[in-house]
Amino acid sequence: MEFSIKSHSPEKAKTACAVVGVYEGKGLAPAAQALDLAAGGAIAALIKRGDLDGKAGSTLMLHQPAGLACERLLLVGLGSESQVSDKAFRDAVRAALKSVMASAATEATLWLDEIPVGDRGGDWKAEQIVLAAAELAYRFDRLKSEKPVPATALRKLVLSVERARVRAAEAGLARGRAIAAGVDLAKDLGNLPGNHCTPSHLADQAKDLAKGHGLKLQVLERKDMEKLGMGSLLSVAKGSDEPPKFIILRYQGAAKAHKPVVLVGKGITFDSGGISIKPAAEMDEMKYDMAGAASVLGTLRAVAELKLPINVVGLVPTCENMPSGRANKPGDIVTSMSGQTIEVLNTDAEGRLILCDALTYAERFEPAAVIDVATLTGACVIALGHVVSGLLANDDDLAHEVYRAGEAAGDRCWQLPLLDDYQEQLKSNFADMANIGGRAAGTITASAFLSRFAKKYKWAHLDIAGTAWKSGKDKGSTGRPVPLLVHFLAGRVKQAAG
Ligand code: BES
Ligand code: MN
Ligand code: ZN
């Protein structure tokens, strides 16, 4: 999709589809008012008759409206005029684009920058429009032998913006495009099944990313990990015939002395559960167990495209979790890179076993902050559903910063308490700790486990088990939390600038 910005009035614009806002309770947004005037009051009359209620996300498409220059006019409901929320704006944009995409219009012009949305700027609105368009245009059909016909004739979106606000809108377009590219990469990797998306494939993707965007890449092989003493990660990998990889991608946008943010992504390319094997139903969805890794790669892509003046390191420990004669067995005790020993009471709690060694490895970068991203616990889906990601942290300021980034990005998360009291559930009779803490508070005990390896820096953990993909009819990867992470990193730039 092509995006551009123009400053022009709606009554004169020769567009295939003009999109303007209407409030609940019959109020017209300024562009709709201007069109109504040009059309001799036809729009107000139509709304008065009750053909559009103005609820956020309602739409009405008019063809060849008399007296107007546009071929089509799409009225889109914005909800209450006194307060257009983030969600109402997003719902309206999504519904409008859906309706335009279902028409034969190849181009559309949106007068939506004029809608006040709390204290969100024009950059935010432009970004949301780009992200919604990318979301609706996304298809994953590379493994279908017959390529379906394109979903839409729409090729071009024009954002009409007042002259004084063009710069803000341009910044939003750029951020939206970069985030959308990162989200698309994360979605593609997530949707690609385990027989295609192996640890080696993730390493190849990291290589392409490094080449295309000037990132530094290092990939550790099994023997390198052995030398480093990553016994916990390797214990998960040894049940599979696929060789494990440890991907290190470095983006340098600031001076070397500038401490990096380290992102760590869980890269289990298929989670069968291992010897503690999972039930058969929906086990296919465990191809998404590398969504954390995918989001780290997607975020690095976006950050590189935006050329953010910061330093970022992406760490991706990646392997399969399979049952075999060489697999971890319940009761096995492994030694992590940190020297701490772990009793593997359940081989299906493998995410924390690979992440803990990556968290120890992260120490060498003297990070400003570390954020790990993982489809870590089914318990998180029970606690928070598919709306917000779980957030836990050893530093409240960092937690708040991550939370705010999620709000701004429309990719929200919610904090759970990482209290010392939960550590007791990880007691082992035979090792320094067990890898599970029982059924109660499963998301918290998983991060309590991780926190034992994140003592030397500020650290936050995002559990994306409920948000990284959708089940059912719309089964597929969501690309979350790339938008959150990009906003977090972009926010750090502003901080550094004072
Ligand atoms: N990858 C799963 C978590 C998961 C489960 C994500 C369902 C999305 C949907 C993880 O490796 C896992 O199996 N966790 C176990 C931990 C338990 C054994 C303590 C779980 O959540 O059941
Ligand atoms: Mn598992
Ligand atoms: Zn897993």
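First listed ligand is number 1; within each ligand, the first listed atom is number 1. Computed from a predicted structure; not experimentally measured.
- Set against the non-hydrogen atoms of Ala465, the atoms of ligand 1 under 4.0 Å away are 6 (C), 8 (C).
- Angle subtended at the Mn ion (ligand 2) by Asp348 OD1 and Glu350 OE1: 120°, rounded to 10 degrees.
- Considering CG of Asp271 and CD of Glu350, their distance stands at 3.5 Å, rounded to 0.5 Å.
- The minimum heavy-atom distance between Leu308 and Tyr251, with the atom names listed, is O-OH, 2.6 Å.
- Scanning the protein heavy atoms around atom 16 (C) of ligand 1, the nearest turns out to be Arg352 NH2, 3.8 Å.
- Of all atoms in ligand 1, numbered sequentially from 1 with element shown, those under 4.0 Å from a heavy atom of Lys266 are 1 (N), 10 (C), 11 (O).
- In terms of protein heavy-atom proximity, atom 2 (C) of ligand 1 is nearest to Asp271 OD2, 3.5 Å.
- Closest protein heavy atom to atom 9 (C) of ligand 1: Met286 CE, 3.6 Å.
- The single protein non-hydrogen atom nearest to atom 12 (C) of ligand 1 is Asp348 O, 3.2 Å, given as residue, atom name and distance.
- Counting only heavy atoms, the protein gets under 4.0 Å from atom 21 (O) of ligand 1.
- Between the side chains of Ser471 and Glu285, at least one donor N or O sits under 3.5 Å from an acceptor N or O.
- Side-chain polar atoms of Asn191 and Ser477 form no donor-acceptor pair below 3.5 angstrom.
- Aromatic ring pairs are classed by plane angle as parallel below 30°, tilted from 30° to 60° and perpendicular above 60°; the pair Tyr403 and Trp414 is perpendicular.
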Could you go step by step and tell me if Arg301 and Glu305 meet the salt bridge (Lys or Arg N to Asp or Glu O under 4.0 Å) rule?
-> CA-CA 6 Å; Arg301 175 173 176 173; Glu305 281 187 14; 3.3 Å; yes
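- Taking the side chain to side chain contact (heavy atoms under 4.5 Å, CB included) definition, one finds that Lys473 meets it with nothing, sequence neighbours left out.
- Closest of all the heavy-atom pairs between Gly265 and Pro317 is O-CD, 3.2 Å.
- Relative to the six-membered ring of Phe140, Arg142 misses at least one condition, a distance below 6.0 Å or an angle of at most 45° to the axis.
- When you scan the N, O or S atoms of Asp271 for the one nearest the Mn ion (ligand 2), you land on OD2.
- Which of Thr377, Leu376, Asn321 comes nearest to atom 10 (C) of ligand 1 through a heavy atom is settled by distance: it is Leu376.
- Residue contact annotation: Asp271 places an N/O/S atom under 2.8 Å from the Zn ion (ligand 3).
- Set against the non-hydrogen atoms of Ile436, the atoms of ligand 1 under 4.0 Å away are 19 (C).
- No side-chain donor-acceptor contact under 3.5 Å links Asn394 and Ser451.
- Contact annotation: Gly351 places no N, O or S atom under 2.8 Å from the Zn ion (ligand 3).
- Using modelled atom types, one finds a donor on one side chain and an acceptor on the other under 3.5 Å when comparing Thr467 with Ser389.
- Ligand 1 places these atoms under 4.0 Å from at least one heavy atom of Glu350: 11 (O).
- Using modelled atom types and a 3.5 Å distance limit, the side chains of Thr377 and Asp463 yield a donor-acceptor pair.
- Closest N/O/S atom of Asp289 to the Zn ion (ligand 3): OD2.
- Using 4.0 Å as the threshold, Trp469 has a heavy atom nearer than that to some atom of ligand 1.
- For ligand 1, the atoms closer than 4.0 angstrom to any heavy atom of Asn346 are 18 (C).
- For the pair Glu285 and ligand 1, no heavy-atom separation below 4.0 Å is found.
- The atom of Glu350 that is an N, O or S and sits closest to the Zn ion (ligand 3) is OE2.
- Close approach of ligand 1 to Lys278 (heavy-atom distance below 4.0 Å) involves ligand atoms 12 (C), 13 (O).
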